[in-house]
Amino acid sequence: MKIATYNVNGIRSRLPRLLEWLDETKPDVACLQELKCTDDIFPVGEIAGAGYGAVWHGQKGFNGVAILARGCNPEETARGLPGDPDDAHSRYLEAVVDGVTIASIYLPIGNPQPGPKFDYKIAWMERLRHHAADLYAGERPVVLAGDYNVIPQDEDTFSVRAMAGDALTQPESRAAFRTLLAAGWTDAIRARHPAGRFYTFWDYQAGAWARDAGFRIDHLLLSPAAADRLVDAGVDKATRGKEKASDHAPTWIVLR
DNA sequence: ATGGCCTGTGGGACAGGA
């Protein structure tokens with residue numbers, strides 16, 4: 001079972017690339033972020049045409065998450081992250097596919113920091129910690145996949161200095177991510193590849209792609225029952241190099 | 001060494017991304 005996460009940066013602009021990637025790599029499940037569209041204009045027809053059922057949680061202009069499943073319809077189990085009824089951002093969607101609970105996460109960036117946007121990021125991560133604990137207690141296979149907007153370690157960025165003031169590398173951001181790992185969640189890429197560059201994002205600016213000036217911010221965290229089934233993990237780096245690409249590359253795992 | 005972009009909204013810049 002191949003499960004991927006892909007921040008598409010606008011699903012309508014990205015649709016040809018998305019359909020091409022689905023056809024080439026055939027993930028069983030694809031968690032998408034940054035749809036940047038409302039629910040009524042989500043391209044459900046084109047995605048069904050590619051052989052995928054879908055659930056989605058859109059928003060005008062920004063954010064937006066979806067879960068696609070090949071040959072079946074994901075069974076939605078949560079829409080929105082619990083813990084703040086006033087939070088109107090579409091950043092969390094959860095569904096069960098083939099017995100595996102899968103979340104599509106678009107975590108707040110938090111820039112500029114310090115400030116209210118950073119406070120929102122940290123509060124959101126605290127809510128995620130609580131909800132993740134509930135899922136963990138169920139002792140079922142769970143995959144928390146998405147754009148976490150956290151660079152976990154110095155080796156996950158091309159330049160520690162360039163990112164020093166950024167919300168993605170702040171000690172509070174890293175601590176909140178590390179808290180999930182300490183609670184028993186497995187960072188799938190690092191479980192399979194303890195060392196080395198596994199960047200998932202390269203900025204459109206400053207020739208970042210050409211210089212390989214990227215960082216690793218798209219993650220798949222696994223509950224123990226899912227981690228026991230992990231056989232492979234990787235990044236579809238070539239997807240980032242195509243015309244009209246998203247600034248993120250798809251990141252994936254294979255569970256047996 | 002520095003700076004370089006893209007998407008959506010809406011019909012011109014600007015917000016937001018990271």
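Chain identifiers are assigned alphabetically (A, B, ...) following the order of the sequence lines, protein sequences preceding nucleic acid strands; residue numbering begins at 1 within each chain. All figures in this text were calculated on a predicted structure; none of them were measured in a lab.
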Inter-nucleotide C1' distance (B:dA15, B:dG10), Å rounded | 13 Å
Answer with base, sugar-phosphate or nothing: what part of the nucleic acid does A:Lys244 contact at a heavy-atom distance below 4.0 Å?
-> sugar-phosphate
A:Asn63 CG to B:dT7 C1': how many Å, rounded?
-> 13 Å
Name each donor-acceptor pair under 3.5 Å that joins a side chain in residues 109-116 of chain A to protein atoms two or more places apart or in another chain, with its distance.
from, atom 1, to, atom 2, distance (Å)
A:Asn111, OD1, A:Ala167, N, 2.9
A:Asn111, ND2, A:Asp166, OD1, 3.1
A:Asn111, ND2, A:Asp166, OD2, 3.1
A:Gln113, NE2, A:Gly165, O, 3.0

When you match A:Ala206 and A:Arg161 each to their closest nucleotide on DNA chain B, which lands nearer the 5' end?
-> A:Arg161
A:Tyr106 near the nucleic acid: base, sugar-phosphate alone, or nothing, with a heavy-atom cut-off under 4.0 Å?
-> sugar-phosphate
Spacing of OG belonging to A:Ser13 relative to CD belonging to A:Glu34, to within rounding of 0.5 Å | 11.5 Å
Listed pairs, N/O of protein and of nucleotides 9-16 of chain B, under 3.5 Å:
from, atom 1, to, atom 2, distance (Å)
B:dT9, OP2, A:Arg12, NH2, 3.0

Using distance only, find each side-chain donor-acceptor pair of residues 133-140 of chain A under 3.5 Å and give its atom names and separation, not counting sequence neighbours.
none

What is the distance from CZ of A:Arg14 to P of B:dG17, rounded to the nearest Å?
-> 16 Å
Rounded interatomic separation in angstrom, taking OH from A:Tyr204 and C1' from B:dG3 = 19 Å
Which whole number of Å gives the distance between the C1' atom of B:dG11 and that of B:dT7?
-> 16 Å
Does a nitrogen or oxygen in the side chain of A:His248 sit under 4.0 Å from OP1 or OP2 of B:dA18?
-> yes
Classify the nucleic acid contact of A:Asp147 as base, sugar-phosphate or nothing, counting any heavy atom under 4.0 Å across all strands shown.
-> sugar-phosphate
Near-ring test A:Tyr199/A:Phe158, centroid separation under 6.0 angstrom = no
Would you indicate what A:Asp218 reaches in the nucleic acid, counting non-hydrogen atoms under 4.0 angstrom: base, sugar-phosphate, or nothing?
-> nothing
May I have the distance from A:Asn7 (atom CG) to B:dC6 (atom C1'), rounded to whole angstrom?
-> 12 Å
Let me know the distance between CG of A:Asp166 and P of B:dG17, rounded to the nearest Å.
-> 12 Å
Using atom C1' of each nucleotide, how far apart are B:dC5 and B:dA18 to the nearest Å?
-> 12 Å
Does the side chain of A:Asn149 get closer than 4.0 angstrom to OP1 or OP2 of B:dA18 through an N or O atom?
-> yes
Please give, in whole Å, the distance from B:dA18 C1' to A:Arg216 CZ?
-> 16 Å
Pick the nucleotide of DNA chain B nearest each of A:Arg211 and A:Ile151; which residue has the one closer to the 5' end?
-> A:Arg211
A:Gln33 has an atom CD; how far is it from atom P of B:dA18, in whole Å?
-> 10 Å
Check whether any side-chain N or O of A:Ser13 sits under 4.0 Å from OP1 or OP2 of B:dC6, and answer yes or no.
-> no
Which atom pairs, one a donor and one an acceptor, fall under 3.5 Å between side chains of residues 16-24 of chain A and the rest of the protein, sequence neighbours left out?
from, atom 1, to, atom 2, distance (Å)
A:Arg17, NE, A:Glu20, OE1, 2.7
A:Arg17, NH1, A:Glu243, O, 2.3
A:Arg17, NH2, A:Glu20, OE1, 2.9
A:Arg17, NH2, A:Glu20, OE2, 3.2
A:Glu20, OE1, A:Lys242, NZ, 3.4
A:Trp21, NE1, A:Thr25, OG1, 3.4
A:Trp21, NE1, A:Asp236, OD2, 2.8

Using the P atom in both, what is the distance from B:dC6 to B:dG12, to the nearest Å?
-> 23 Å
Atom-to-atom span, CD1 of A:Ile11 to P of B:dG8 - whole angstrom = 11 Å
Among the nucleotides B:dT7, B:dA18, B:dG17, whichever has the atom closest to the side chain of A:Phe215 is B:dA18
Please name all residues satisfying side chain to side chain donor-acceptor pair (under 3.5 Å) with A:Tyr92, sequence neighbours left out, ordered by chain then number.
-> A:Glu94, A:His131
Validation: residues 210-219 of chain A side-chain donor-acceptor distances under 3.5 Å, sequence neighbours left out:
from, atom 1, to, atom 2, distance (Å)
A:Arg211, NE, A:Ala206, O, 3.1
A:Arg211, NH2, A:Ala206, O, 3.2
A:Asp212, OD1, A:Trp202, NE1, 2.9
A:Asp212, OD2, A:Arg197, NH1, 3.1
A:Arg216, NE, A:Asp156, OD1, 2.9
A:Arg216, NH1, A:Asp187, OD1, 3.2
A:Arg216, NH1, A:Asp187, OD2, 3.3
A:Arg216, NH1, A:His219, ND1, 3.4
A:Arg216, NH2, A:Asp187, OD2, 2.9
A:Asp218, OD1, A:His248, ND1, 3.3
A:Asp218, OD2, A:Thr200, OG1, 2.6
A:Asp218, OD2, A:His248, ND1, 2.9
A:His219, NE2, A:Val150, O, 2.9
A:His219, NE2, A:Ile217, O, 3.4

Across the strands shown, which category fits A:Asp203 at heavy-atom distances under 4.0 angstrom: base, sugar-phosphate, nothing?
-> base
Do A:Val65 and A:Phe62 share a hydrophobic cluster, counting only Ile, Leu, Val, Met, Phe, Trp and Tyr and linking them when any side-chain heavy atoms are less than 4.5 Å apart?
-> no
